**Student:** 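My questions will all concern the structure given below.
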Amino acid sequence: MAIKKYRCRINWLNGCEFFDVIVKANSERKARIIAKEKVIKEKGYHFFMVCGCEEITEDSANGNR
């Protein structure tokens with residue numbers, strides 16, 4: 001499997017704030033795990049959820065969906 005870029009949507013503090021984390025992984029499952037680790041490393045361990053992950057393609061990176 002090839003390494004792909006994923007945009008994971010994070011729900012921070014039970015709906016108060018949403019932000020995106022971009023990670024590189026070979027599957028969506030692994031992208032969610034890496035996104036969790038990245039958020040904990042950058043913002044600390046608080047209540048948050050990974051709402052969704054989508055693969056970033058060349059078309060979506062340029063704004064063409």
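Quick note: numbers below take in every heavy atom, side chains included, and nothing from hydrogens, waters or symmetry partners. This one's a predicted model, so the numbers in the text were calculated from it and none came from an experiment.
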**Student:** Considering only residues two or more places apart or on different chains, which pairs with a residue in residues 13-26 satisfy salt bridge (Lys or Arg N to Asp or Glu O under 4.0 Å)?
**Tutor:** R9-D20, E17-K43
**Student:** Does E37 have any salt bridge (charged side-chain N to carboxylate O under 4.0 Å, His left out) partners at least two apart in sequence or in another chain, and if so, which?
**Tutor:** none
**Student:** Take atom NZ of K30 as the centre, draw a 6.0 Å sphere, and report whether it contains more than 12 heavy atoms from other residues, nucleotides or ligands.
**Tutor:** no
**Student:** Backbone N or O of E28 within a donor-acceptor pair of the K4 side chain at under 3.5 Å?
**Tutor:** no
**Student:** Quick one: CE on M49 to SG on C8, what's the gap to the nearest 0.5 Å?
**Tutor:** 13.0 Å
**Student:** Using links of under 4.5 Å between side-chain heavy atoms of ILVMFWY residues, direct or through other members, which residues join Y6 in one cluster?
**Tutor:** I10, W12, L13, F19, V21, V23, I34, V39, I40, Y45, F48, V50
